[in-house]
Protein chains: 2
Amino acid sequence: MKRTAAAVKAKDAKPATRDPEGVRRDILTVAMEEFSQNGLSGARIDEIAARTRTSKRMIYYYFGDKEGLYRRVLEEAYGKVRGGETELDLEGLDPVAALERLCRFTFEHHRANPAFIRMVMIENIHHGRHMQTSDAIRGLNQPAIEALQGVLRRGQAQDLFRKGIDPLELHWQISALSFFNVSNSATFSHIFGGDLFTSEGQEILSRHVAEMVLRYVLRPDHLSAIGKTD
Amino acid sequence: MKRTAAAVKAKDAKPATRDPEGVRRDILTVAMEEFSQNGLSGARIDEIAARTRTSKRMIYYYFGDKEGLYRRVLEEAYGKVRGGETELDLEGLDPVAALERLCRFTFEHHRANPAFIRMVMIENIHHGRHMQTSDAIRGLNQPAIEALQGVLRRGQAQDLFRKGIDPLELHWQISALSFFNVSNSATFSHIFGGDLFTSEGQEILSRHVAEMVLRYVLRPDHLSAIGKTD
DNA sequence: GGTGTTCTGTACTGGTTGGTTAAATCGATA
DNA sequence: TATCGATTTAACCAACCAGTACAGAACACC
């Protein structure tokens, strides 16, 4: 449709008058804030439009309806946090150090992306109804499992790790600890106080999450390997 | 106000014509379903009213406004799942068995109360704004911490458990694993498949959550105590 | 510079929804 | 049984909000 001069030109010389792609991104960015903050039914299209440099009409022109916009925002959220594991250079580390790094990275990564966490929470409230129409999301987290699987295999080959650890299950456990830390901080800190959510508390939690995973995975006779990596 | 004959009578002979307390409970029950299913802004007062044996006006009569009703539902949700730990008879078990039972109970308890989980998720989406006005909730989970603390102390006294384990932090970890299992089952199973959420998968997860906690807490020279309790 | 297409602003609408008004009914009590 | 307060009903309303009609501007291509 537009793989002619326009596509090439758009990259360097931004046309001041028209900028469809920019408008789309602008809408998406604002919509992500609004949806992640207020949920699907709580978000207001008018509010999104007001905070955009364009108008409400554009939202409907580009995204069809509210759910269409929400779906794109959800995909965007999943897309933005994908990967990362691949740049950790886990293969270059010994299995214990690699697993620890992966845990701490996951914990930090979740912590650094509250908007993503909130989008996932919201989507779960909706029973994952909207992600079902999107194929883009499903394959996205596969690299995480594979990275984990690689580390596990190496650790088992060296008789450091116990046999029979399921990579998917371990990923579930690491995710649970990292996700809950962000998703439930409001209620948890209200009930039990905010000590765990200060920067010191979070550092401790992060360390202990990694330690918990390592103690779960390591063979008892190699537990002494914990804490020797940094 | 009504600690006369009416209060006594209400317990057995339900007056068919008027039953304020029954109406309140009826509203609360229906509202809990509606709110936990659709969230605060997604829930519809008219829908709640329609599913009640009373009218919309009554909701406003008893609960003031939508947020007032939501707040009471939230308190109700927290109240209904409180305790439980106290009836586990943890003191009658050796520390390892007690901790395992506590973990498995927590996991099961969360699993059996999805409406509660969803209410907590929703409240977290709202940054815990509504529970802040309710003092009733704050003290509710204290028994859980104390039960855990008791078990930890006994285990440490017997040199079974490592020193320096923080009961609150351990409670956080157990909660994280148990909560995430329910809260994120929709998105997780969509991305990774539903194997972990079959009844067999859940049984394995439950067992491994307890095992993970035990491996974290036990001194390495007592790791052999795992799995000997049932 | 004509022409079809893509994009954008303004004004509007119709259904939804939280909340209300005002009056009626019931139960107890004096 | 007259009265009073607590409870209930039915009709109503105003604000909100997702979505649209329509006119027109900018652009691509010939």
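Letters A, B, ... are given to chains in the order of the sequence lines, protein chains preceding strands, and every chain is numbered from 1.
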*asked:* Using the ring centroid of each side chain, check whether B/F180 and A/F180 are separated by less than 6.0 Å.
replied: no
_For B/F63 together with B/Y70, are the ring centres under 6.0 Å from each other?_
no
Nearest-angstrom distance from the residue atom [atom1] of [X] to [atom2] of [N]:
X: B/L69; N: C/dT17; atom1: CG; atom2: P; result: 16 Å
X: B/E34; N: C/dT17; atom1: CD; atom2: C1'; result: 13 Å
X: B/E47; N: C/dG15; atom1: CD; atom2: C1'; result: 17 Å
X: B/D46; N: C/dG15; atom1: CG; atom2: C1'; result: 13 Å
X: A/N38; N: D/dC16; atom1: CG; atom2: P; result: 16 Å
X: A/E67; N: D/dC17; atom1: CD; atom2: P; result: 17 Å
X: B/I27; N: D/dT9; atom1: CD1; atom2: C1'; result: 14 Å
X: B/R24; N: D/dT8; atom1: CZ; atom2: C1'; result: 16 Å

_Residue-level proximity of residues 54-63 of chain B to DNA chain D when a heavy atom falls under 4.0 Å_ = B/T54, B/S55, B/R57, B/M58, B/Y61, B/Y62
*So what does A/A49 touch, heavy atoms closer than 4.0 Å: a base, only the sugar-phosphate, or nothing?*
nothing
*CG/A/D46 to NZ/A/K56 distance, rounded to the nearest 0.5 angstrom?*
4.0 Å
*Check the angle between the aromatic planes of B/H130 and B/H126 and answer parallel, tilted or perpendicular using the 30° and 60° thresholds.*
perpendicular
*asked:* Nearest to the B/K66 side chain among C/dG19, C/dT17, D/dC17, which nucleotide is it?
replied: C/dG19
*Please report the C-alpha distance between A/N124 and B/S183 in whole Å, then the side-chain angles of each, then the deciding distance to 0.1 Å, and finally whether the side chain to side chain donor-acceptor pair (under 3.5 Å) criterion is met.*
CA-CA 7 Å; A/N124 271 294; B/S183 69; over 6 Å; no
*Minimum heavy-atom distance A/E100-A/A210, with the two atoms named*: CG-CB, 4.1 Å
